[in-house]
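Below is one structure, written out as structure tokens; the observations come after it.
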Amino acid sequence: MLGLRALVGIGVLVTSQGARALSKKTSCPLLGGSITPHLECPRRLLSMAQPIKYLGQEEAQRIDEELFTEYQFSVDQLMELAGLSCATAIVRTYPLDSLVKRKPSVLVVCGPGNNGGDGLVCARHLKLFGYEPSIIYPKRPNKPLFQNLVVQCEKMDIPFLSEMPSEAEVIDEAYNLVVDAIFGFSFQGAVREPFSSILATLRKITVPIASVDIPSGWDVEKGSPDGLQPDLLISLTAPKKAATHFRGRYHFLGGRFVPAALEKKYQLNLPPYPGTDCVLQLT
Amino acid sequence: MNQGSADPEPESKEPLRYLSKLEAAAIETELLTDYRFGRQQLVETWGHACAVAVAKAFPLSSLSKKQPTVLVVCGPEQNGAIGLVCARHLHIFDFTVQCEKMDIPFLSYLPTEVQLINDAYNLVIDAILGPETDLSPEKEPYGSILLTLKQVKIPMASVDIPSGWDVEEASADGIRPEVLISLTAPKKCTVAFTGRHFLAGRFLPYDIQKKYELNLPQYFGTDCLTQL
């Protein structure tokens, strides 16, 4: 029986690209030098040795940039996976049978950028998972990506509210939880209307908040002591430094699309996701 | 259970619908135009679900070879694109995959030695031809690739329909995969499929399901696929 190594040696099985990649896979910094193909992929061992990395804002932006330029991912590809992760984490944390209100209602607040896009995808998947999302999307970029996501939601009978309820009590009364998809890791500087009022209202609600990637309004690296205090945080790709200030009960990692080379380059030390799950519970 | 209290689709007692080639094409067109899904979005969703199905049907712990190797054979059209996405996700799931980008080797030709395939890989993913392809069994190199695959002894999983099959009629002498991952809804040719049959495509809006009377089975929890 011919082993893989033998086939590579024969030069029949793989192209030269392949041979390079194969040897990349079988050399392990932990174990030193080249090892036989009989050993397990060392990636799991490697990630358990070091703690997970918390990204600074610039680093997060560079990784994003690299995913779109060097790795040629499209925004909608990754946004779909990110939104799915968010919805999955929400289902794990607040399963349908745990919701207290008569209807499994969820309010999804979407901001003006990609974080908002993640929220739109998340809302669509929540609907498929049996929840009843309603969306608030006050500032919509004039780009097909976002316009299409809106149509997809509308066609799934997901209502878009014309404005955010200004009373925290109204939200507490009507919804089981709120998904905060307002600002992400690119957020900087002052919060403009209508989002400052929206955030002020969200700071007063008592139902749980699930934040997508960064609790909106927080400094991406330093956090915010009197900002939003979400119950659930879903960090995408890798957690940002702000997550070290997160005091909520549940922290998930999502966005399971990071190529091994990128993970190694930035030393993300991501722990292994269980099986084929698209989310990993960190706390 | 994934059914919410206001879910419009009642418990389906009607039989599952198997699509004709025209219906399959019409549904896809509607998703892209009326529902404004992006093609890349759909391909990503399907490819991801295929990878989950493969991992479910052939768990890492069940593979017999020393390395968890998988051969993904990708055709020229959408079926092949789905195969590439599937390969990417399989790699993330810790399979050792032969395909392109992300440091995964790409085969520029398929070894015609069936023995080599049997020896080197644990399973083959057939993402060569889908229902969108105009069937032409003499079209090279896919003709000889299919011939090789027919003789392969290791398990095979096909994406959407077994490559080379007519969309509406099962092929008497075509490839016989152990696992089939139907996308969106199963096609007519798979009615009598005897292997392990998965359905992927949970993103499908209820309106389309109702319009085409798909009578899709339930998906459990947050699963993106279900077994037929």
Side-chain angles (χ1 to χ4, degrees), chain A residues 1-4 7 12-15 17-22 24-25 37-38 41 43-44 71-72 74 76-81 84 87-88 91-92 96 102-104 124-125 127-132 144-145 147-152 155-157 256-261 272-273 275-276 278, chain B residues 1-8 31 34-38 40-45 48 51-52 54-56 59-60 65-69 85 88-89 91-94 96 98 100-109 111 113 115-116 118-120 202-208 219 221-222 224:
Chain A
M1 178 168 122
L2 295 171
L4 250 185
L7 290 168
V12 170
L13 191 59
V14 296
T15 61
Q17 245 182 326
R20 238 184 301 127
L22 256 175
K24 245 190 245 180
K25 189 108 183 146
H38 304 302
C41 167
R43 192 148 64 103
R44 280 163 190 261
Y71 289 85
Q72 294 276 288
S74 69
D76 54 345
Q77 229 177 332
L78 299 189
M79 199 170 269
E80 191 70 21
L81 294 173
L84 176 62
T88 306
V91 174
R92 294 276 169 89
L96 278 171
R102 221 176 359 105
K103 299 193 312 169
R124 182 164 34 87
H125 286 283
K127 180 84 189 215
L128 286 165
F129 293 155
Y131 293 72
E132 281 190 38
L145 166 68
Q147 289 160 340
N148 293 343
L149 288 176
V150 168
V151 172
Q152 291 161 28
K155 290 279 188 175
M156 297 274 295
D157 292 319
R256 187 178 181 177
F257 45 65
V258 184
Y273 282 79
T276 56
C278 61
Chain B
M1 300 288 268
N2 71 327
Q3 302 285 346
S5 55
D7 190 305
L31 285 169
D34 292 349
Y35 289 78
R36 303 261 223 114
F37 280 96
Q40 212 146 16
Q41 215 176 348
L42 296 181
V43 170
E44 187 72 25
T45 307
H48 172 250
V52 175
V54 169
K56 189 162 187 184
L60 281 169
K65 306 225 165 38
K66 291 194 172 88
Q67 287 242 18
T69 50
V85 173
R88 220 184 73 228
H89 284 283
H91 184 72
I92 286 180
F93 296 159
D94 282 337
T96 301
Q98 306 267 183
E100 177 67 301
K101 224 0 174 158
M102 284 178 63
D103 304 299
I104 312 174
F106 187 49
L107 284 181
S108 55
Y109 60 89
E113 282 277 359
Q115 196 51 43
L116 284 180
N118 288 340
D119 286 344
R202 190 178 182 170
F203 62 88
L204 204 61
Y206 298 119
D207 287 354
I208 284 199
Y219 286 87
T222 57
C224 56

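Remember, it's a predicted structure, so these values are computed and weren't measured experimentally. All values below come from the heavy atoms of this structure, side chains included, with hydrogens, waters and symmetry mates left out. Lettering of chains follows the sequences in order, A, B, ..., and the numbering in each one begins at 1.
- Considering only heavy atoms from C-beta on, A:R256 comes within 4.5 Å of B:F93 through its side chain.
- Here the CZ-CZ distance, from A:F257 to B:R88, works out to 9.0 Å after rounding to the nearest 0.5 Å.
- Under the 4.5 Å side-chain criterion, counting only non-hydrogen atoms from C-beta, A:L84 is not in contact with B:E44.
- For the pair B:Y35 and A:Q152, the tightest heavy-atom approach, listed with the atom from each and the gap, is O-CG, 3.0 Å.
- Of the two parts of A:L145, neither the backbone nor the side chain holds a non-hydrogen atom closer than 4.5 Å to a non-hydrogen atom of chain B.
- When heavy atoms are compared at a cutoff of 4.5 Å, A:L78 does not approach chain B at all.
- Rounding to the nearest 0.5 Å gives a distance of 11.5 Å between CG of B:L42 and CD of A:Q77.
- Distance NZ/A:K155 to CG/B:D207: 7.5 Å, rounded to 0.5 Å.
- Side-chain contact between B:Q41 and A:N148 is absent, with no heavy-atom pair separated by less than 4.5 Å.
- Nearest approach of B:L204 to A:L128, heavy atoms of both residues: O-CD2, 4.1 Å.
- Proximity to chain B (any heavy atom under 4.5 Å) is restricted, for A:E80, to the side chain, taken from C-beta onward.
- Heavy atoms only, all atoms of each residue included: B:T222 and A:T88 are closest at OG1-CG2, 3.9 Å.
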